[in-house]
**Student:** 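Take this structure first; my questions come after.
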Amino acid sequence: MKYKFETNKRDYSDFSSGRVLYYAANTTAFPVRLASEVIQRSFDILEKKGAHGPFKIYDPCCGGGFLLTTIGFLYHDLISELIATDYDDKVLEIAKKNLSLLSKKGLDRRKEEIKGYIKAFGKESHMQALKSVDYLETLIKKEAIKIVCMQRDIADLSDFPIKGVNIIITDIPYGIIVDWRGGRKDPIQNLFENSYNALDKKRSVLVIIADKKSKLKHKSFERTQYFKLGKRQIAFFEPLY
Ligand SMILES: C[S@@+](CC[C@H](N)C(=O)[O-])C[C@H]1O[C@@H](n2cnc3c(N)ncnc32)[C@H](O)[C@@H]1O
């Protein structure tokens with residue numbers, strides 16, 4: 001796969017899980033370079049549809065919110081709302097904490113917390129974390145992004161209030177660290193259906209990141225971009241209407 005937007009590999013250590021962003025046990029931290037490439041491709045698709053943002057972005061398998069939080073920092077001025085849902089209540093607590101960092105107030109709170117660790121333990125890693133807070137603060141471009149965070153089984157087809165979303169981006173369970181929960185027969189098809197209902201049909205894109213074995217196809221979507229990277233496949237879909 002060739003990077004179209006994030007062409008130069010940068011140092012992404014300011015985003016490392018457990019440094020400023022909170023670490024969630026048994027979840028995966030999504031690669032920052034890939035997150036940036038995928039979201040820039042999504043913005044490009046929307047631009048071509050005449051939509052210029054700010055955009056409403058939803059991750060229905062958000063885990064600890066790492067993917068949404070990094071996107072939130074990197075493209076703060078292009079985002080109006082971030083919606084994070086997951087089956088697991090426990091990881092949602094971490095997602096809430098991570099997404100709360102996307103404001104000056106949230107980062108100030110985290111800064112005080114890290115200063116407390118420095119006082120108590122005097123570790124070099126905490127000093128680095130403090131520097132990363134200062135860098136992340138430069139990425140905050142406006143007051144705050146609207147954040148919605150709640151429990152949802154994305155394979156459950158009952159009606160849900162989230163509508164008018166521009167980008168759904170999600171790293172679905174691969175079955176290595178995390179598996180599908182809720183016991184539904186065909187969770188991926190249900191994810192497509194729920195996504196279709198949540199999207200603003202004329203100005204939207206759905207991006208699914210999965211292992212290479214998952215079958216990603218649905219009658220209500222056209223696949224418009226596709227690539228593979230390492231153990232992952234990344235597929236971009238636009239809703240048919
Ligand atoms: C690969 S992880 C996502 C990691 C996330 N992108 C991040 O950056 O932290 C997959 C997530 O899917 C969630 N999940 C599993 N079954 C689900 C379901 N039926 N509905 C919603 N979320 C589900 C798991 O709890 C897990 O948090």
Side-chain angles (χ1 to χ4, degrees), residues 1-6 9 12 15-17 21 24 26-46 55-75 79 82-88 91-92 94-95 98-99 152-155 162 165-182 186-196 198-199 204-218 220-239:
M1 167 271 192
K2 217 170 157 224
Y3 282 90
K4 273 202 218 166
F5 293 96
E6 196 69 15
K9 193 169 186 226
Y12 301 104
F15 299 93
S16 299
S17 172
L21 272 69
N26 301 322
T27 65
T28 49
F30 197 81
V32 179
R33 185 179 184 194
L34 180 57
S36 181
E37 172 72 19
V38 168
I39 204 71
Q40 288 185 82
R41 285 186 187 219
S42 307
F43 292 148
D44 185 53
I45 290 170
L46 293 175
F55 299 113
K56 193 167 167 176
I57 304 180
Y58 175 28
D59 181 352
C61 297
C62 71
F66 192 81
L67 173 60
L68 279 186
T69 307
T70 50
I71 289 172
F73 275 120
L74 290 169
Y75 302 99
I79 301 168
L82 289 173
I83 304 152
T85 68
D86 197 283
Y87 187 91
D88 184 343
V91 291
L92 278 172
I94 306 291
N98 274 330
L99 290 163
R152 180 188 191 189
D153 176 355
I154 195 58
I162 292 168
V165 175
N166 302 108
I167 302 171
I168 294 182
I169 177 167
T170 196
D171 180 29
I172 62 174
Y174 304 164
I176 303 164
I177 301 178
V178 203
D179 220 333
W180 279 107
R181 310 221 355 230
D186 203 343
I188 295 181
Q189 285 305 297
N190 292 9
L191 161 72
F192 271 110
E193 271 182 49
N194 277 326
S195 297
Y196 190 81
L199 289 171
S204 61
V205 58
L206 161 68
V207 190
I208 303 181
I209 299 128
D211 65 344
K212 288 179 185 160
K213 278 182 275 162
S214 299
K215 284 210 172 63
L216 305 178
K217 201 173 184 224
H218 190 274
S220 303
F221 287 89
E222 181 188 359
R223 195 181 83 180
T224 54
Q225 287 188 42
Y226 183 79
F227 64 87
K228 289 180 182 172
L229 189 71
K231 61 181 189 328
R232 298 179 167 93
Q233 58 170 323
I234 296 99
F236 294 71
F237 297 91
E238 292 174 47

**Student:** Does any non-hydrogen side-chain atom of F237 lie less than 4.5 Å from one of L199?
**Tutor:**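 Result no, sub-4.5 Å side-chain heavy-atom pair not found.
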**Student:** Knowing that exactly one of L68, T69, T70 qualifies, which makes a side-chain contact (heavy atoms from CB on, under 4.5 Å) with F66?
**Tutor:** T70
**Student:** Would you check if the side chain of S36 reaches a backbone N or O of V32 as a donor-acceptor pair within less than 3.5 Å?
**Tutor:** no
**Student:** Any side-chain to backbone donor/acceptor pair from Q233 onto K228? Under 3.5 Å, distance only.
**Tutor:** no
**Student:** For the residue pair F55 and Y75, is the inter-centroid distance of their aromatic rings smaller than 6.0 Å?
**Tutor:** no
**Student:** Counting C-beta onward and ignoring hydrogens, is there a side-chain heavy-atom pair between I234 and R41 closer than 4.5 Å?
**Tutor:**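 A side-chain contact under 4.5 Å is absent here.
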**Student:** Which class fits the ring pair F192 and H218: parallel under 30°, tilted 30 to 60°, perpendicular over 60°?
**Tutor:**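 Taking H218 first and then F192, their aromatic rings lie parallel (interplane angle under 30°).
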**Student:** Over all heavy atoms of both residues, which pair between A95 and G63 is shortest? Give the atoms and the distance, please.
**Tutor:**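 Between these two residues, the closest heavy atoms are CB-O, 3.5 Å.
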**Student:** Go through the steps to decide whether L206 and Y196 satisfy the test side chain to side chain contact (heavy atoms under 4.5 Å, CB included), and finish with yes or no.
**Tutor:** CA-CA 9 Å; L206 161 68; Y196 190 81; over 6 Å; no
**Student:** Any side-chain heavy-atom pair from K56 and I83 closer than 4.5 angstrom?
**Tutor:** yes
**Student:** Measure from the side-chain N and O atoms of D59 to the backbone N and O of A84, and report whether any donor-acceptor pair falls under 3.5 Å.
**Tutor:** no
**Student:** Treating E37 as the side-chain partner and E6 as the backbone partner, does any N or O pair qualify as donor plus acceptor under 3.5 Å?
**Tutor:**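 Side chain of E37 to backbone of E6: a pair is present.
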**Student:** Would you say Q40's side chain and A35's backbone share a donor-acceptor pair under 3.5 angstrom?
**Tutor:** no
**Student:** Flag the pair W180 / C61 as yes when at least one side-chain heavy-atom distance between them is below 4.5 Å, and no otherwise.
**Tutor:**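 Yes. Closest side-chain heavy atoms under 4.5 Å.
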**Student:** Check this for me: K212, atom NZ, are more than 12 non-hydrogen atoms of other residues, nucleotides or ligands nearer than 6.0 Å?
**Tutor:**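 Enclosed.
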**Student:** Measure the shortest side-chain to side-chain distance between Q225 and I45 over non-hydrogen atoms and say whether it is less than 4.5 angstrom.
**Tutor:** yes
**Student:** When you check the side-chain N and O atoms of Y174 and S214, is any donor under 3.5 Å from an acceptor?
**Tutor:** no
**Student:** So, for Y58 and V165, which heavy atoms are closest and what is the spacing to 0.1 Å?
**Tutor:**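 That closest heavy-atom pairing would be CB-CG1, 3.7 Å.
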